[in-house]
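One structure is given here, and the rest of the page talks about it.
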Amino acid sequence: MHTRSQRRGLRAAFTVAGALMVAYGLYAGFSMIASATTNTCRQEGPSSPLAVISEGGDVVNQSLSGWPLGRACEWRRADGSGTVTTHSGSADSTAGVYGAILIGAGLLARGVWRGPTGWSHSEGSSSR
């Protein structure tokens, strides 16, 4: 059984750890998005060996991608049979960002949550 001050210390540790993890995840995620919007697909890619690489405006469409976090480049295929999509982000990095945010949010919620009030283990439930 933990004392009241030990529980308070644990809650504080969960709260701080959770807030730091959420802050790190948001910082890393926004950094990945900012990097994806800074350069264009033509400047930095990623391109595909199946794609037409040209200066023409109709060759590539660019958008932001949520999985993986980053830039999605939709290139016109060289053989003319449609498009091929490439992504600048990494699935591992994206999993790390989303994982840090979710785990941090869970720790933060656990640190803030005080549990049921007005009842303790030593009192028992003797009401009938």
Side-chain angles (χ1 to χ4, degrees):
M1 175 85 91
H2 296 293
T3 66
R4 179 175 282 185
S5 64
Q6 287 174 328
R7 285 192 305 267
R8 196 174 309 134
L10 281 172
R11 281 197 312 265
F14 282 134
T15 302
V16 170
L20 288 173
M21 286 184 76
V22 169
Y24 167 76
L26 290 174
Y27 172 76
F30 284 125
S31 294
M32 291 170 71
I33 292 169
S35 173
T37 58
T38 302
N39 296 311
T40 65
C41 291
R42 271 196 200 83
Q43 292 172 330
E44 196 174 88
S47 61
S48 168
L50 302 174
V52 173
I53 308 298
S54 166
E55 296 299 317
D58 63 337
V59 174
V60 62
N61 290 319
Q62 177 177 325
S63 61
L64 289 177
S65 171
W67 187 270
L69 277 175
R71 177 176 46 249
C73 303
E74 186 177 8
W75 298 89
R76 190 170 39 135
R77 290 179 58 107
D79 61 8
S81 65
T83 60
V84 60
T85 303
T86 58
H87 297 274
S88 67
S90 159
D92 293 340
S93 297
T94 301
V97 165
Y98 288 152
I101 292 170
L102 289 173
I103 291 169
L107 288 173
L108 189 59
R110 178 61 185 107
V112 172
W113 184 67
R114 292 178 160 239
T117 57
W119 182 83
S120 72
H121 294 286
S122 62
E123 292 175 354
S125 58
S126 59
S127 61
R128 285 188 177 207

When the side chains of residues 94-101 are checked against the rest of the protein, which donor-acceptor pairs come out under 3.5 Å, sequence neighbours left out?
{"from": "Thr94", "atom 1": "OG1", "to": "Leu69", "atom 2": "N", "distance (Å)": "2.7"}
{"from": "Thr94", "atom 1": "OG1", "to": "Ser90", "atom 2": "O", "distance (Å)": "2.9"}
{"from": "Tyr98", "atom 1": "OH", "to": "Gly66", "atom 2": "O", "distance (Å)": "2.8"}

To check you understand the geometry: which heavy-atom pair defines the closest contact between [X] and [Y], and what is its length?
{"X": "Arg77", "Y": "Val84", "answer": "CG-N, 4.0 Å"}
{"X": "Ser81", "Y": "Asp79", "answer": "OG-OD1, 2.7 Å"}
{"X": "Gly104", "Y": "Met21", "answer": "CA-CB, 3.7 Å"}

Reported CG-to-OG1 distance for the pair Leu10 and Thr15, which is rounded to 0.5 angstrom: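 Answer rounded to 0.5 Å: 10.5 Å.
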Separation between CD of Gln6 and CZ of Arg11, rounded to the nearest 0.5 Å: 12.0 Å
Find out if a path of hydrophobic residues (ILVMFWY) with successive side-chain heavy-atom gaps under 4.5 Å connects [X] to [Y].
{"X": "Tyr27", "Y": "Met32", "value": "no"}
{"X": "Leu64", "Y": "Trp67", "value": "yes"}
{"X": "Leu20", "Y": "Tyr24", "value": "no"}

Side chain Ser35, main chain Ser31, donor-acceptor under 3.5 Å: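 Between the backbone of Ser31 and the side chain of Ser35 there is no qualifying donor-acceptor contact (under 3.5 Å).
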Side-chain donor or acceptor of Gln62 paired with backbone N/O of Cys41 under 3.5 Å: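 Such a contact is found between Gln62 side chain and Cys41 backbone.
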